[in-house]
Structures are given as C-alpha cells and as structure tokens.
Amino acid sequence: MQYISTRGGMQPLPYCETLLEGLAPDGGLAVPETMPTVDGETLERWRALTYPQLATEVLGLFATDIPRADLARMTAAAYEPFPEAVVPLRAIDDDLTLVGLSEGPTLAFKDMAMQFLGQVVEYALERKGSVLNILGATSGDTGSAAEHALRGKDRISVFMLSPKGRMSAFQRAQMFSLDDENIHNIVVDGVFDDCQNLVKKLAGDLDFKRAQNLGAVNSINLARITAQVVYYFWAWLRATDVGGWTEVSFTVPSGNFGNILSGFFAKQMGLPIRRLVLAANENNVLDEFFRTGVYRPRSAAQTLATSSPSMDISKASNLERFIFELVGRDASRVVSAWKDLDDKGHFDFTADLSRFIEEFGIVSGTSTHADRLATIEAVYDASGDIIDPHTADGVKVAREYVEPGVPMLVLETAKPQKFAETIREAIGVELEYPSELRAMLDAPQRTTEMADDEHELRAFIEANALR
Ligand SMILES: *Cc1c(COP(=O)(O)O)cnc(C)c1O
C-alpha cells in the first residue's frame, strides 16, 4: 500500500515513510492510493479478536511495509496501559451506547492513536537510523497524550509549548509532572496562538527544521488517523450480533475532523455504517459546512473559548481528506478549492450537498454550553453516569439522529475528571480522583519558562535536540 497526496504532487510513499513527513511536499495530506476493503466473512472472523489483535489486522491493511510480527508487538505494547477491554461499550439508555475511548493514561481519546504512534514512529526511526525532535503547541489534550506516549523513547524527544496560566490544573499536572529526560515542557508567556505561531515560524524555516530533525505529531498524522479506524470496527463488532449485517450509526464530538475522518475511512472500507453524525460546539464551522456546503474557516479572534475546549477550532485540518473523496479523488479540484479559500475566505460545494448524506452518510449538529450542562444533568439523572462536556455535545446531537432499529454509538472522547469544573456547574458533584491521579496532581512539576521569543526557543532547541 502506497500513500499519495490530496494535491497530487507527491511520489507514492510507503506507510513508514509517510509517518515522518507531516504535510506532503505540495502542502496536501497523505491518503491511501486505494482504500483497503474488508468483506463480511473477514468481519465475522474478527469478532473473536482482542483489541490489540484487531488493531494488528486493521493496521496491517494500511502498514503493508511492516511485518505482521512487528506490528503485533507494537499494538500489544500500545494498548498494554489500558484496562483489558481497551474500549468498553456501555448503554446509557434504550437509544444510546457510549464507546469508551478514554481509558488510556491521559483520560482522553487521543491516547488511542498516540499510544500506537509512539510505537510506530520509534520503529520507523530505528529502520532509518535517524532521530526526531517533535515540536508542538498545545492547549491541553494533545500535548499530554503525546508526552505520555513518547516519554522515555530513545530516538524521539518532545518540545511542547503551552500558554502560561491557560491550562487547567489537571492538564498542567498531566504534562509537567513528567520527569523523563526526553520531554521538554516549555511554558510560553503568551496565549495558545502565540505558541502556535512560534511553532510555525521554526517549522517553516526548512534549514533549521532539517538541521534539528524537527517533526510533528499533529492530528493530520497518518498513524493517528489509521489507528483510530480500529475502534470503529471494534465498536461495530461489539454492538452487532454474530451473522447480522446490521448497520450502526456513530456520533463523533469533532474538532479537527480527525476522529470522524477515521470513521469515514472505516465506512469506505466496507464497515456497515449508516450515519456518521458530526457533533460540533459553538465553533461550528463544520456543522455549517455539512448543512450548507459552504466551508468558511474563522479567524483566531472569531474562535470562542468554550466548555468543550478540545473542540475549539477555527479550521479543520483533516477536512481536505474528505474533500479529496468528495471530488472523486481529483487533486486539481482540491487545489482549486484551497485556492478559493485563500482568495475568497471560503469554498462552496452546495451543488454536492445531497451527496454528503446519500453517498457518505455524514450529517451534523451543534451543541452549546447550555446544551452541554443540560445533557450532563439529564444523563446523570437517568442513569447515574457522569459524562464529560465533549461527550455531552455528542449525546445532545446524537439524539437528533436516532433511528428505529439502528444502534447509535456515541464516542466518549474524555473522562469527566478532566473537566471537573463543568461537571460541578452541571450537577453540583465533586468528582473523586483515584489515588494515582491524586498523586499526579501533587507531584513536583518541571517546566522551562520562556518569553514569546523565537530566538530564545531556537537556542533552547539547538542546545537540547537529539541528533
Ligand atoms: C481532540 C478532541 C476532540 C476532537 O477530535 P478531532 O479529531 O480533532 O475532531 C474531541 N473531544 C476531545 C476530548 C478531544 O480531546
């Protein structure tokens, strides 16, 4: 299996090489040259597998350049820190079932992909005999999932920028309590956009980037997208009966369109998915797109800080991979859509609107702060179950698309403990922290403080990067 660019300007590359590349050289995103497919017989065979075994099968279709035994070793190691079921399903009422994606070390679904990415990137670097210095900016979940997945690796170090005083106590503790030598938490005197801009400046300096072996593990990374495909298969296998060829629907709390894109891949691979329901918060550029066909990214200033912060996006980095399929894999039409975006601030697929649902099964909705609180409260009253604010956005929008006879699975993207304040506001409950989380909250913290200054950051990386 080879990977090509959505903009048509990249020599086909195998999986392991695509992983280390980030954006394709033409500015596009890597996609499979042909989508692998899975038939009913294979699906039935997969029912007996454990999560790591299923991950080996599904990822094996994408990573054909990795021997099976190596892949099996990596998936076993990736999901070892999880409870035995890895992804448990639980019904909250007659209509909705939650798919538990937040059982990993940082209590959010990003662990599902990052844990595998940590394994496979180290493996790809070993094969190449090289090292990688990850440079990123975070406002919370991505940074902590990346650090927990990459801590202690020999060939990878992490330089993670975060805005001073802008993260929750829990998020700070998750990152800053790590004392591994390869983890550098850089606290910038600025806001998230300042951190992001520093990263862009350094990553945009190609000489510096090459000299320092800089890379990224952001949400466009192919290892992340493919690792996320696995749990759509897992959830379908758990939610349907042997021999049944039942369709199920998934609702996905969405930000950068990474998680739901993996569901879209699963559907294209032949998994019987009826609807992929995109749930947005107040920053609903994607809901707007799937309702109207017009995509109009917002500026940082137009992006609201909400109580489901991991969905606070101004543009959706992975949407280009969907557009590529929408235009029948015609790279020139992808290029012209992004040219429209540059020239006019939006692109327009109104003419294809009916295909969004009929051909691709994607529908969408928006949830607000008030919806979130009401949903957390309603679920708690009905079932005693406490859900996090992002999952609440999913539950709210899922209810609008429940159909008789079609199981509706809502992806639980974080644990409520990460967002204790909103839980308190919704239901007045103080969440209990298990002892290992309390220990983490009390552990000493280690950071490097820095001004919002490119030169200071350059010097720090030069002094500490692996080579
Ligand atoms: C990252 C994140 C999301 C959004 O996922 P995308 O892949 O960016 O669409 C939703 N919920 C939580 C808790 C997250 O951390």
Side-chain angles (χ1 to χ4, degrees), residues 96 109 141 219-220 228 232 249-264 267 273-326 337-338 340-341 344-376 387-403 408-414 422:
L96 304 182
F109 96 96
D141 290 347
S219 72
I220 60 164
Q228 290 164 185
Y232 286 90
S249 292
F250 286 94
T251 300
V252 189
S254 291
N256 270 319
F257 203 74
N259 197 351
I260 196 168
L261 177 79
S262 300
F264 176 65
K267 184 170 163 63
I273 296 177
R274 178 166 160 75
R275 294 276 181 262
L276 286 162
V277 183
L278 182 148
N281 68 12
E282 290 89 335
N283 297 297
N284 56 355
V285 270
L286 285 174
D287 183 27
E288 218 168 80
F289 175 60
F290 284 101
R291 282 177 189 279
T292 66
V294 178
Y295 176 60
R296 194 184 298 275
R298 298 175 191 168
S299 66
Q302 291 167 318
T303 306
L304 304 165
T306 75
S307 49
S308 46
S310 304
M311 293 156 62
D312 290 348
I313 51 124
S314 48
K315 60 180 191 324
S317 340
N318 275 298
L319 186 65
E320 182 163 337
R321 287 181 165 124
F322 171 74
I323 300 295
F324 183 64
E325 302 301 331
L326 183 65
W338 259 262
D340 279 353
L341 213 51
K344 301 187 283 190
H346 71 275
F347 61 62
D348 189 337
F349 282 98
T350 332
D352 294 282
L353 200 51
S354 62
R355 295 175 57 221
F356 289 11
I357 299 180
E358 283 155 27
E359 216 175 307
F360 303 112
I362 303 182
V363 293
S364 71
T366 291
S367 163
T368 64
H369 180 68
D371 292 327
R372 225 164 279 140
L373 296 183
T375 304
I376 293 169
I387 57 172
D388 103 288
H390 306 79
T391 309
D393 288 332
V395 167
K396 188 267 177 182
V397 176
R399 295 216 187 277
E400 297 162 17
Y401 290 102
V402 170
E403 296 169 285
M408 174 61 86
L409 308 181
V410 181
L411 302 190
E412 182 182 41
T413 56
T422 304

Among side-chain atoms of Ser262 and Asn259, is any donor-acceptor pair under 3.5 angstrom?
-> no

Where do Val363 and Glu400 land on the side-chain contact (heavy atoms from CB on, under 4.5 Å) test, with the steps shown first?
-> CA-CA 10 Å; Val363 293; Glu400 297 162 17; over 6 Å; no

What closest approach, in Å, do [X] and [Y] show between heavy atoms, and which atom pair accounts for it?
X	Y	answer
Gly255	Leu286	O-CD1, 3.5 Å
Thr251	Gly394	CG2-O, 3.4 Å
Pro389	Ser307	CB-O, 3.2 Å
Ser314	Ser299	CB-O, 4.1 Å
Gly258	Asn318	CA-ND2, 3.4 Å
Ser310	Asp141	OG-OD2, 2.5 Å

For the atom pair [atom1] ([X]) and [atom2] ([Y]), what is the distance rounded to the nearest 0.5 Å?
X	Y	atom1	atom2	result
Phe360	Glu325	CZ	CD	7.0 Å
Asp312	Asn283	CG	CG	4.5 Å
Leu353	Phe289	CG	CZ	8.5 Å
Leu276	Phe250	CG	CZ	8.0 Å
Leu373	Ser367	CG	OG	9.5 Å
Thr391	Phe109	OG1	CZ	10.5 Å

I'd like to know if the side chain of [X] and the backbone of [Y] have a donor-acceptor N/O pair within less than 3.5 Å.
X	Y	result
Asp371	Thr368	yes
Ser254	Val252	yes
Lys396	Thr366	yes
His390	Ala414	no

Quick one, [X] and [Y] - any side-chain contact, counting heavy atoms below 4.5 Å?
X	Y	answer
Phe290	Asn284	no
Glu359	Leu326	no
His369	Ser308	no
Ile260	Phe322	no

Applying side-chain contact (heavy atoms from CB on, under 4.5 Å), run through Lys315 and Tyr295 and close with a yes or a no.
-> CA-CA 9 Å; Lys315 60 180 191 324; Tyr295 176 60; 3.4 Å; yes

Listed by chain and number, what are the side-chain hydrogen bond (donor to acceptor under 3.5 Å, both in side chains) partners of Glu282, not counting sequence neighbours?
-> Arg372

Evaluation steps, side-chain contact (heavy atoms from CB on, under 4.5 Å), between Phe257 and Val285 | CA-CA 11 Å; Phe257 203 74; Val285 270; over 6 Å; no

Quick one: side-chain contact (heavy atoms from CB on, under 4.5 Å) partners of Ser317, sequence neighbours excluded?
-> Ser219, Ile220, Asn256

Should Arg291 and Ser364 be marked as a side-chain contact (heavy atoms from CB on, under 4.5 Å) after you check the CA-CA gap, both sets of side-chain angles, and the distance that decides it?
-> CA-CA 7 Å; Arg291 282 177 189 279; Ser364 71; 4.0 Å; yes

Could you go step by step and tell me if Phe349 and Phe356 meet the ring-ring contact (aromatic ring centres under 6.0 Å, His included) rule?
-> CA-CA 10 Å; Phe349 282 98; Phe356 289 11; 7.5 Å; no

Let me see the working for Glu288 and Arg298 under salt bridge (Lys or Arg N to Asp or Glu O under 4.0 Å), right down to the final yes or no.
-> CA-CA 12 Å; Glu288 218 168 80; Arg298 298 175 191 168; 2.9 Å; yes

